[in-house]
**Student:** 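Can you keep this structure in mind? I'll have questions shortly.
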Amino acid sequence: MLVVAALGGNALLQRGEPQTAQVQRDNVKVAARALAEIVKAGHQLVITHGNGPQVGQLALQCAAFSPNEHHPMDVLGSQTAGMIGYLVEQELGNVLKNELPIATLLTQVVVDQNDPAFQTPTKFIGPVYNKEEAHEKAEKAGWQIAQDGDKWRRVVASPKPTEIPDLQVIKSLVDQKVVVICNGGGGIPVVRDTNNNLQGIEAVIDKDLSTAFLAKQLGADAMVLLTDVEAVYHGFGTPQAKPLHTLTVAESNAMNLPAGSMGPKINAACNFAESGGFSAIGRLSDALALLAGTAGTHIIKEHTA
């Protein structure tokens, strides 16, 4: 199968871990071993990944270095996509004994500058803060912030992807049996101006929604969204919580999960499942089992009789 696999932020950084290069490399080594199992099973693989913690950290570093200069999110996104792609490419190559070609592609993704998401930012980036510290930083830097669990984080707009200008390049690489790492951080957010030229815009595209969009454009057979929980749960965080093995699109939509948690993954999985593709959400370490249908949550178009 042609499999598109999305690495969640946990692939690089667990909540509360220091954002050092070594910590992120160590986490990528774990992710690479799980992804390598998909390739070893004979599947073609396209990899996407998030960049929330990294793009937030980079924004803080840039602000500390030049506090009077604004560093746009599209530029920061391209920098993090290069860094993360490099780590994934190298560690996956090491696990696979460099027997397969692997390429990282900085990927521009077009959004609509009139997308209502620009009016209601929801995408978390950067480190977590307590409430007082978050409000202090927001007032000083002009951020918008929102609660993320028991902490607070910066939020930015997360518009929907509408086009991948680099799609033909990705297809060409796939046709040549290259393992492609692309759409990093959801892709570099760009818009088309009145002359049809591309230019960056201040946003972070949701990685999972962008992954589903890419998977459909590629005609992929399967999409797996890899995270740090074993499945989608009913009553997550309560004593009655139980993992759900299968959900239809209608059942998934009825769950009404919040935008800051499993919501984007469910929406993306439904989006791909509606096109007839195999769609699953689960733990990174269960990547191959997700494809076999023996782990995680599988989103299906509807129940068969």
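Side chains are part of it too, since the values below use all heavy atoms of this structure and drop only hydrogens, waters and symmetry mates. Heads up: numbering here begins at 1 and tracks the sequence.
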**Student:** Quick check on the hydrophobic clustering: are V23 and V30 connected, directly or via other members, by side-chain heavy-atom contacts under 4.5 Å?
**Tutor:** no

**Student:** Just wondering, do E163 and P165 contact through their side chains at under 4.5 Å, heavy atoms?
**Tutor:** yes

**Student:** Of the options L226, I181, V179, which is the one that meets L35 in a side-chain contact (heavy atoms from CB on, under 4.5 Å)?
**Tutor:** L226

**Student:** Will you find, in the side chains of Q22 and D26, an N or O donor that is under 3.5 Å from an N or O acceptor?
**Tutor:** yes

**Student:** Below 30° counts as parallel, above 60° as perpendicular, anything between as tilted: where do the rings of H298 and H245 land?
**Tutor:** perpendicular

**Student:** How close do A231 and P243 get, counting heavy atoms only, and between which atoms?
**Tutor:** CB-CB, 3.9 Å

**Student:** Looking at side-chain heavy atoms only, is the closest gap between L209 and P264 below 4.5 Å?
**Tutor:** no

**Student:** Would you kindly say whether Q24 and Q54 are connected by a side-chain donor-acceptor distance under 3.5 Å?
**Tutor:** yes

**Student:** In sequence, state the C-alpha distance, the side-chain angles, and the governing distance for N253 and C270, and then conclude on side chain to side chain contact (heavy atoms under 4.5 Å, CB included).
**Tutor:** CA-CA 8 Å; N253 291 333; C270 287; 4.0 Å; yes

**Student:** Do the side chains of V28 and V39 join up, straight or via other hydrophobic residues, at under 4.5 Å, putting them in one cluster?
**Tutor:** yes

**Student:** What pair of heavy atoms forms the shortest contact from I145 to W152, and how long is it?
**Tutor:** CD1-CE3, 4.1 Å

**Student:** Any chance you could measure K151, atom NZ, to F124, atom CZ, to the nearest 0.5 Å?
**Tutor:** 14.0 Å

**Student:** Identify the two heavy atoms, one from M73 and one from E202, that lie closest to each other, and give their separation to 0.1 Å.
**Tutor:** N-OE1, 2.9 Å

**Student:** D112 and T162: side-chain donor and acceptor closer than 3.5 Å?
**Tutor:** no

**Student:** Within a strict 4.5 Å, meaning less than it, do heavy atoms of the V190 and Q199 side chains meet?
**Tutor:** no

**Student:** If hydrophobic clusters are built by linking Ile, Leu, Val, Met, Phe, Trp and Tyr wherever their side-chain heavy atoms come under 4.5 Å apart, do M1 and L100 end up in the same one?
**Tutor:** yes

**Student:** Drop me the distance from I84's CD1 to E89's CD, to the nearest 0.5 angstrom.
**Tutor:** 13.5 Å

**Student:** Between the side chain of T297 and the main-chain N/O of V232, is any donor-acceptor distance below 3.5 Å?
**Tutor:** yes

**Student:** Which residues pass the side chain to side chain donor-acceptor pair (under 3.5 Å) test with T80, sequence neighbours left out?
**Tutor:** N51

**Student:** State which residues pass side chain to side chain donor-acceptor pair (under 3.5 Å) with D206; sequence neighbours excluded, sorted by chain then number.
**Tutor:** none

**Student:** Applying side chain to side chain contact (heavy atoms under 4.5 Å, CB included) to L247 and M255, what does each step give before you reach the verdict?
**Tutor:** CA-CA 10 Å; L247 284 170; M255 293 183 74; 3.7 Å; yes

**Student:** Are the side chains of M262 and I281 in touch, meaning some heavy atoms are under 4.5 Å apart?
**Tutor:** yes

**Student:** Side-chain contact test, heavy atoms from C-beta onward, threshold under 4.5 Å: evaluate it for K216 versus F272 and give yes or no.
**Tutor:** yes

**Student:** Test of understanding: clusters of I, L, V, M, F, W, Y form through side-chain heavy atoms closer than 4.5 Å, transitively. Do L244 and I266 belong to the same one?
**Tutor:** yes

**Student:** Can you confirm whether Q176 is buried at CD, in the sense that more than 12 heavy atoms of other residues, nucleotides or ligands lie under 6.0 Å from that atom?
**Tutor:** no

**Student:** With distance as the sole criterion, is a donor-acceptor pair present between the side chains of E302 and T248 under 3.5 Å?
**Tutor:** no

**Student:** Can you list everything that forms a salt bridge (Lys or Arg N to Asp or Glu O under 4.0 Å) with D286? Sequence neighbours excluded, please.
**Tutor:** R283

**Student:** Please check if the side chain of Q144 supplies one atom and the backbone of V155 the other of a donor-acceptor pair under 3.5 Å.
**Tutor:** no

**Student:** Taking atom types as modelled, find out whether S158 and T122 have a side-chain donor-acceptor pair closer than 3.5 angstrom.
**Tutor:** no

**Student:** For residues G50 and K207, report the shortest heavy-atom separation together with the two atoms involved.
**Tutor:** N-CG, 3.6 Å

**Student:** Could you walk me through whether R25 and Q90 pass side chain to side chain contact (heavy atoms under 4.5 Å, CB included), step by step?
**Tutor:** CA-CA 10 Å; R25 180 177 288 279; Q90 187 176 78; 2.7 Å; yes

**Student:** List the atom of A117, the atom of A157, and the distance in Å for their closest heavy-atom pair.
**Tutor:** O-CB, 3.6 Å

**Student:** Measure the shortest side-chain to side-chain distance between L7 and L284 over non-hydrogen atoms and say whether it is less than 4.5 angstrom.
**Tutor:** yes

**Student:** Could you pull out every donor-acceptor pair under 3.5 Å between side chains of residues 127-138 and any protein atom, sequence neighbours left out?
**Tutor:**
| unit_1 | atom_1 | unit_2 | atom_2 | d |
| --- | --- | --- | --- | --- |
| N130 | OD1 | E132 | N | 3.3 |
| N130 | OD1 | E133 | N | 2.8 |
| H135 | ND1 | K131 | O | 2.9 |

**Student:** Give me the atom names and distance for the closest heavy-atom approach of P121 to V156.
**Tutor:** CB-C, 3.4 Å

**Student:** Between the side chains of Q44 and D221, is a donor N or O closer than 3.5 angstrom to an acceptor N or O?
**Tutor:** no

**Student:** Should L87 and I47 be counted in the same cluster of Ile, Leu, Val, Met, Phe, Trp and Tyr side chains packed under 4.5 Å apart?
**Tutor:** yes

**Student:** Linking Ile, Leu, Val, Met, Phe, Trp and Tyr through side-chain heavy atoms less than 4.5 Å apart, which residues share a cluster with F118?
**Tutor:** L2, V4, V46, L105, V109, V111, I164, L167, V169, I170, L173, V174, V178, V180, V191, I201, I205, F213, L214, L218

**Student:** For a side chain to side chain contact (heavy atoms under 4.5 Å, CB included) check, start with the C-alpha distance between V224 and V3, then their side-chain angles and the critical distance, and finish with the verdict.
**Tutor:** CA-CA 8 Å; V224 289; V3 179; 4.2 Å; yes

**Student:** Could you tell me whether the side chain of D166 and the main chain of Q108 form a donor-acceptor pair under 3.5 Å?
**Tutor:** yes

**Student:** Side-chain donor-acceptor contacts of residues 233-241 below 3.5 Å, not counting sequence neighbours, with atom names and distances?
**Tutor:**
| unit_1 | atom_1 | unit_2 | atom_2 | d |
| --- | --- | --- | --- | --- |
| Y233 | OH | E230 | OE2 | 2.5 |
| T238 | OG1 | G235 | O | 2.6 |
| T238 | OG1 | Q240 | N | 3.3 |
| T238 | OG1 | A241 | N | 3.4 |

**Student:** Just by distance, do the side chain of N197 and the backbone of R192 share a donor-acceptor pair under 3.5 Å?
**Tutor:** no

